[in-house]
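In the text below, chain A, chain B and the rest are named by the order of the sequence lines, each starting its count at 1.
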2 protein chains.
Amino acid sequence: MTGDKPVVYVVDDDPSVLRALERLLRSADLGLETFTSALDFLNFQHPEAPGCLILDVKMPGVSGLELQERMARQGILFPIIFITGHGTVPLSVQAMKAGAVDFLMKPFDPKDLLEIVFKALDKDRQAKWEQRELKRLRERLKTLTPREAQVFRSVVAGMLNKQIAYDLGTAEKTIKVHRARIMEKMGAKSLAELVRFAEKLGIGSPSS
Amino acid sequence: MTGDKPVVYVVDDDPSVLRALERLLRSADLGLETFTSALDFLNFQHPEAPGCLILDVKMPGVSGLELQERMARQGILFPIIFITGHGTVPLSVQAMKAGAVDFLMKPFDPKDLLEIVFKALDKDRQAKWEQRELKRLRERLKTLTPREAQVFRSVVAGMLNKQIAYDLGTAEKTIKVHRARIMEKMGAKSLAELVRFAEKLGIGSPSS
DNA sequence: GCCGCCGTTGGACCAAAGTCCAATATCTTT
DNA sequence: AAAGATATTGGACTTTGGTCCAACGGCGGC
């Protein structure tokens, strides 16, 4: 499943650029989807496979930078490689600050682009894998009852069953039962693992 | 101690720019150190206080970008704000990829710069705090004997004393002793805390 | 009203971990 | 050789945590 063929998405309003990039990327045995506008891309159903985006900065309608922003807001997270004919320093800085992988000026060396694309795909593979892990954990967390979640927080904070029981005004026995259910529901084989899960879920440090 | 007055370091070969920035930054009640060359900055003993660097891209001798690279190699980690009169897109992209906070073109709005500086200082305050935490942990880790370190890894991997003993070919009793010493030396008040320490130290995941 | 989930608890044990005190064998360093 | 750090183990308990089985009251839904 993590071994899906990677897909490169290209968004550019200039068909000739699209064709050129298509030739280049096909030669590297990469999946490819092309779009002539930012909105077309947004309406497209992205598969699970790792991918990256090659994006023209300047396009009629929604610009590349706007698309980047909208994607971030919608949680569509793909590494973005910008290409442009008339880029400026402020534009490139904005794009990079917003997390772009690179920002290339035309004309560029096709070899450079391919190298960047491969790096971006690796990055997305990694990111997607972590996203899936986190999603699984969150789903498991949701199966905890309110009380269990409460005990969960106390357990990973390092409290003893006895202390937790005192805090919640219940018997230590009750905590043991909750604790067992927590380990089971979260799929943790040891306390160490449970703590690591909690860390990934951001339990113990943030506002909470 | 974390409440030290922040210091802004400015490196620019043009004395008039230095003076202008000095006026601006002094007005904001910020500590200030100016340098007319990258090497001067490298030879300077940086205090512990949070700080950031305002750096001219183009300078005779060692350029701003080279300084950024050298700092990274030497582990001198300050947020860097580049300013330049004649920047290009590739230069700004390189700087941003290397971790720069921002890349400003002259002329720029002094208010913008101040805002960026304050953000950079906050960032460094946070980074410095985490660095200190990590340093303390590493020092504690170093006080562990080889055997203890070995047991440490097994413990945070979630193994039972019994299993660890079997792996190492020793008695379970021995592991208990090691374990107690580990908790004491690492200053962990609970297993949960110990696991968190191990996470920060990168034990359990990396090459190892 | 009956069923299922949630939170609760008890009893009876077992297993794992921690605590004191004490002791031995190596190895390195002084 | 003596001192010190390291690694090891035993005995004797105490505390904690986990497991099985069983049970009860409250609450929402069918």
Side-chain angles (χ1 to χ4, degrees), chain A residues 135-201 203-204 208, chain B residues 135-201 203-204 208:
Chain A
K135 194 177 162 195
R136 270 206 297 237
L137 283 183
R138 278 204 253 260
E139 276 161 6
R140 288 175 179 178
L141 182 62
K142 278 193 303 189
T143 70
L144 296 186
T145 66
R147 200 55 155 174
E148 283 163 357
Q150 208 168 7
V151 174
F152 182 31
R153 285 190 289 275
S154 298
V155 167
V156 299
M159 292 171 66
L160 299 179
N161 287 348
K162 192 194 293 189
Q163 300 175 308
I164 302 171
Y166 180 77
D167 272 20
L168 302 187
T170 68
E172 185 185 343
K173 189 61 214 296
T174 310
I175 304 302
K176 286 188 182 181
V177 175
H178 286 321
R179 198 162 168 160
R181 299 278 298 159
I182 292 166
M183 295 295 285
E184 186 198 337
K185 284 184 176 178
M186 295 302 293
K189 289 181 294 297
S190 66
L191 177 58
E193 201 176 4
L194 191 70
V195 172
R196 269 183 255 270
F197 288 168
E199 283 290 285
K200 288 184 187 164
L201 288 166
I203 291 176
S208 151
Chain B
K135 193 179 163 194
R136 271 205 296 235
L137 283 182
R138 277 203 254 262
E139 276 161 6
R140 287 174 181 180
L141 182 62
K142 277 193 303 190
T143 70
L144 296 187
T145 66
R147 200 54 154 175
E148 283 164 355
Q150 209 168 5
V151 174
F152 182 30
R153 284 190 290 275
S154 298
V155 166
V156 298
M159 292 172 65
L160 299 179
N161 288 347
K162 193 194 293 187
Q163 300 175 308
I164 302 172
Y166 180 78
D167 272 20
L168 302 186
T170 68
E172 185 185 341
K173 188 61 214 296
T174 310
I175 304 302
K176 287 188 181 182
V177 175
H178 285 321
R179 200 163 167 159
R181 299 278 299 157
I182 292 165
M183 294 295 286
E184 187 198 336
K185 284 184 175 178
M186 295 302 294
K189 288 181 295 298
S190 66
L191 177 58
E193 202 176 4
L194 191 70
V195 172
R196 270 183 254 271
F197 288 168
E199 283 291 284
K200 288 186 189 165
L201 288 166
I203 291 177
S208 157

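Remark: B/R136 engages B/E133 in a salt bridge (charged side-chain N to carboxylate O under 4.0 Å, His left out) (not counting sequence neighbours). Listed by chain and residue number, nothing satisfies the side-chain hydrogen bond (donor to acceptor under 3.5 Å, both in side chains) test with B/R181 (two or more places apart in sequence, or in another chain). By the side-chain hydrogen bond (donor to acceptor under 3.5 Å, both in side chains) test, A/E172 pairs with no residue at all, sequence neighbours left out. Residues forming a side-chain hydrogen bond (donor to acceptor under 3.5 Å, both in side chains) with A/K185 (at least two apart in sequence, or on another chain): A/E148. Taking the salt bridge (charged side-chain N to carboxylate O under 4.0 Å, His left out) definition, one finds that A/K135 meets it with nothing, sequence neighbours left out.
Taken over five-pair windows at either terminus, the axes of the helix from C/dG1-D/dC30 to C/dT30-D/dA1 are inclined to one another by 40° (rounded to 10 degrees).
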Checklist line | Audit row: B/L168, B/H178, side chain to side chain contact (heavy atoms under 4.5 Å, CB included) steps and yes/no | finding: CA-CA 12 Å; B/L168 302 186; B/H178 285 321; 5.9 Å; no
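Taking CG of A/L141 as the start and CD of A/E139 as the end, the distance is 11.0 Å to the nearest 0.5 Å. Distance check: B/R140 CZ to B/I182 CD1 gives 14.5 Å after rounding to the nearest 0.5 Å. To the nearest 0.5 angstrom, A/T143 atom OG1 is 9.5 Å from A/E184 atom CD.
Nearest heavy-atom pair across B/A192 and A/V155 is CB-O, 4.3 Å. In terms of heavy atoms, A/F152 sits closest to A/A198 at CZ-CB, 3.9 Å. For the residue pair A/E193 and A/K189, the shortest heavy atom distance occurs at OE1-N, 2.7 Å. When all heavy atoms are compared, the tightest approach of B/A157 to A/S190 is O-OG, 4.4 Å.
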Using atom names, set out every protein N or O paired with an N or O of nucleotides 24-27 of chain D below 3.5 Å, distance rounded to 0.1 Å.
none

Can you give me the N/O atom pairs linking the protein to nucleotides 5-7 of chain D at distances under 3.5 Å, or say none if there are none?
residue: D/dA7; atom: OP1; partner: B/R147; partner atom: N; Å: 3.3
residue: D/dA7; atom: OP2; partner: B/T145; partner atom: OG1; Å: 2.2

B/S/- along nucleotides 11-20 of chain D (protein heavy atoms under 4.0 Å) is B----SBBBB
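At least one side-chain heavy atom of A/L201 sits less than 4.5 Å from a side-chain heavy atom of A/M186.
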In a table with atom names and distances, give each donor-acceptor pair under 3.5 Å that connects a side chain of residues 158-166 of chain B to protein atoms at least two apart or in another chain.
residue: B/N161; atom: OD1; partner: B/R179; partner atom: NH1; Å: 2.6
residue: B/Q163; atom: OE1; partner: B/L160; partner atom: N; Å: 2.8

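Heavy-atom contacts of chain B under 4.0 Å fall on DNA chain C between two terminal nucleotides, which in 5' to 3' order are C/dA16 to C/dC20.
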